Protein chains: 2
Amino acid sequence: MDTSFADITDRSMEMGANWLSRAQVRPTRQRLSLASLLVGDGCDRHVTAEGLFMAAKEKGESVSLATVYNTLRAFCDAGLMTEITVDGQKSYFDTCTDDHPHFFWEDSQELSDAPSAELEIARLPKAPEGAEISRVDVIIRVRRS
Amino acid sequence: MDTSFADITDRSMEMGANWLSRAQVRPTRQRLSLASLLVGDGCDRHVTAEGLFMAAKEKGESVSLATVYNTLRAFCDAGLMTEITVDGQKSYFDTCTDDHPHFFWEDSQELSDAPSAELEIARLPKAPEGAEISRVDVIIRVRRS
DNA sequence: TTAAGTGCAAATTATTTGCAGTAAG
DNA sequence: CTTACTGCAAATAATTTGCACTTAA
């Protein structure tokens, strides 16, 4: 599981605060908690709303589930995160906003980064006339063998 | 809109019936209706449950929404269709079961085929050890320009 | 002080399920 | 006949929203 989140420390709170201020997102208490869980140790994360909510609860942070949803949405709007849709059930939110491929583990329903450097798209269908490509999502579905 | 479905004719019903029997799916009245709307003219289609349900209603076929859901699921289980997840909101079902790329129209939320021949993936990240790749989904998000 | 953020609980949306009735093999 | 399919309505699951309250700027 991507159950591991950054610990809440002065350092992680500071990193969270920087992250928020870079995008001019108002640093409320709950946003600081969530931000520090997400980026407090500099690692990229792929989380679901529910997962982040539970992590916050475990670390003793008080945030409501609705706020977690609203906050993740706000982080995406601010360009701090990207939403990734994979299985139609839940949304995943990625702290890394670069366009990069993902592994989706069908057994555990987890999402993780695939090395961008190892993906090479030699040719891509051109957008139909009157349209432009806004993003290309590549999801590599894997299963335990 | 992918609102156009095949008309219900003897010919389309027959094609639908063949399609079902190829996969050994029991040809009930509602399955035949839906099958002939979907593949009755030999075209590939990308539908949502709701969309197919409305199309059936418009053509005077009587099917319940729950049955449309169950039927699409049954068609997927039988290998006749594939489910494609794109936006987390609704599921799309594709009558073409080959692994091929899609265009997703962000404005209208429609899904269409992208020419497979124009996609060339020169290198793909290898599956992490202990895992094997089951499928690679490529969604090219486009928007009206 | 004031617009923006938060927490509930209630509302929505997409989809599934239970169960009694209906039809295919 | 017998098992699978269908329809409806009720159940779920993920997410959003309305509204009174709190807080950052």
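Bear in mind that the values here come from a model prediction, so they are computed numbers and not experimental data. Chain letters run A, B, ... following the sequence lines, proteins first, then strands; residues in each count from 1.
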**Asked** With sequence neighbours left out, which residue pairs that include part of residues 14-38 of chain B fulfil the ring-ring contact (aromatic ring centres under 6.0 Å, His included) condition?
**Response** B:Trp19-B:Phe75

**Asked** Could you state the CZ-C1' distance from A:Phe75 to C:dG5, rounded to the nearest angstrom?
**Response** 12 Å

**Item:** Partner of B:His100 by side-chain contact (heavy atoms from CB on, under 4.5 Å), out of B:Thr82, B:Asp94, B:Asp44, B:Leu119
**Value:** B:Asp94

**Request:** Output all residues satisfying salt bridge (charged side-chain N to carboxylate O under 4.0 Å, His left out) with A:Asp87, sequence neighbours left out; order by chain, then residue number.
**Result:** none

**Item:** Distance below 4.0 Å between B:Arg31 side-chain N/O and D:dA4 OP1 or OP2
**Value:** no

**Message:** Just the rounded figure in Å: distance from C1' of D:dA24 to CD of A:Gln24.
**Reply:** 15 Å

**Message:** To the nearest 10°, give me the bend of the helix from C:dT1-D:dA25 to C:dG25-D:dC1, comparing the axes of its five terminal pairs at either end.
**Reply:** 30°

**Asked** For A:Glu61 and C:dG7, what is the distance between atoms CD and P respectively, to the nearest whole Å?
**Response** 11 Å

**Request:** Check the distance between C:dC8's C1' and A:Gln30's CD and give it to me in whole angstrom.
**Result:** 13 Å

**Request:** Could you tell me whether B:Glu106 and B:Arg141 have a side-chain N and a carboxylate O separated by less than 4.0 Å?
**Result:** yes

**Contacts of type ring-ring contact (aromatic ring centres under 6.0 Å, His included), residue A:Tyr92, not counting sequence neighbours** = none

**Prompt:** Does any non-hydrogen side-chain atom of B:Tyr69 lie less than 4.5 Å from one of B:Arg73?
**Reply:** no

**Message:** Just the rounded figure in Å: distance from C1' of D:dT6 to CG of B:Leu34.
**Reply:** 12 Å

**Asked** So, A:Asp137 versus A:His102: side-chain donor-acceptor pair below 3.5 Å or not?
**Response** no

**Prompt:** Could A:Glu132 and B:Arg143 be called an ion pair, given the rule that one side-chain N must be under 4.0 Å from one carboxylate O?
**Reply:** yes

Check nucleotides 23-25 of chain C for protein N or O atoms closer than 3.5 Å to its own N or O atoms and list the pairs.
none

**Prompt:** How many Å lie between CG on B:Leu52 and P on C:dT15, as a whole number?
**Reply:** 13 Å

**Prompt:** Hey, is the side chain of A:Thr67 poking within less than 4.0 Å of OP1 or OP2 on C:dT6, counting only N and O atoms?
**Reply:** no

**Message:** Counting primed atoms plus P, OP1 and OP2 as sugar-phosphate and everything else as base, spell out the protein contacts along nucleotides 11-22 of chain D at 4.0 Å heavy-atom distance: B, S or - for each nucleotide, 5' to 3'.
**Reply:** ---SBBB-----

**Item:** Residues B:Lys59, B:Asp7: salt bridge by 4.0 Å N-O rule
**Value:** yes

**Prompt:** Between A:Val136 and A:Ile84, is there a shared hydrophobic cluster once you connect ILVMFWY residues whose side-chain heavy atoms come closer than 4.5 Å?
**Reply:** no

**Request:** Please report the closest heavy-atom contact between B:Leu34 and B:Ala56, naming both atoms and the distance.
**Result:** CD2-CB, 4.2 Å

**For atom CD1 of B:Ile84 and atom P of C:dA14, their distance in whole Å** = 18 Å

**Request:** Looking at every strand, decide which applies to B:Thr85 at a 4.0 Å heavy-atom threshold: base, sugar-phosphate, or nothing.
**Result:** nothing

